[in-house]
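I have placed the structure first, in the form of structure tokens, so that the comments after it can refer back to it.
The residues of the chain are indexed from 1 along the displayed sequence. We count ligands from 1, going down the list as the structure has it; atoms in each ligand are counted the same way.
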Amino acid sequence: MSQGTNGAVQQRKRILIVEDEPDIVRGLTDALEFEGFEVVSTGQGREGVRMARDRGADCVILDLMLPDINGYQVCEEIRAANPVLPIIILTARGQESDKIRGLEVGADDYVTKPFSVGELLARIKAIFRRLHKVPAIHDEVIRIGACEVDVKKHTLTRSRKTQPLTFYEVELIKLLAERVDQPVSRDEILDKIWGIDAHPTNRTVDNFIVKLRKKLEEDHKIPQHILTVYGFGYKLVR
Ligand code: CA
């Protein structure tokens, strides 16, 4: 979407905000437009799903507490239609279970309310930066144990069952696969996947690993392929 005709003019990236608090929508819209993004917004979950489908968006900022349907459902429905569209959820402070559930339904990242606009902007920019990097792994399919990960289609197939992977999950698998059998530190994962000026925490990495193991491992409690290197990070064993 960002590629203009002949690469001459970059089309502005469109951010969809699904949030029912007018002050937050106003503040975010101003800041994002100032940064050159096109912004569309709605305070209703169903309308958000419809807008993502009909009008298209390059990134969705999604509140969890909406008046009609909750943000998890919105996230699932958007994700079902578009496995790679980046979705950042807004959660209330301290609701750790919200974050984990949000990641489980396919969100790529989360920001805790009250948040700074600068932090959210950094997350959005990090996502776009990663989207436009040339992948270092050129294989279309990465085999891990009994799984096949299709890095172009963003899918994982095991036992003939195919499920979608999010953008960050594919990036994580690619990074770990490039360095198969070698430990990769949490800091490096944070830097390469989320970008150094985004401010996710080591917990973000751990949450993604938990989620990825559930998809990839036969028994995610006894991982055979994404192994923890205690006090350091993770390594992939095929
Ligand atoms: Ca709300």
Give, for atom CG of Asp108 and atom CZ of Arg79, the distance between the pair rounded to the nearest 0.5 Å.
5.0 Å
Of Glu169, His220, Gln163, the one forming a side-chain hydrogen bond (donor to acceptor under 3.5 Å, both in side chains) with Lys215 is Glu169
Sorted by chain and number, sequence neighbours left out, side chain to side chain contact (heavy atoms under 4.5 Å, CB included) with Thr157 holds for Thr162
Please enumerate all residues that pass side chain to side chain contact (heavy atoms under 4.5 Å, CB included) together with Phe232, with sequence neighbours excluded.
Pro183, Ser185, Val229
Output for pair (His225 NE2, Arg213 CZ), nearest 0.5 Å, gives 11.5 Å
What are the protein N, O or S atoms, given as residue plus atom name, that sit under 3.0 Å from the Ca ion (ligand 1)?
Asp20 OD1, Asp63 OD2, Met65 O
The criterion is side-chain hydrogen bond (donor to acceptor under 3.5 Å, both in side chains); which residues satisfy it with Glu218, sequence neighbours excluded?
none
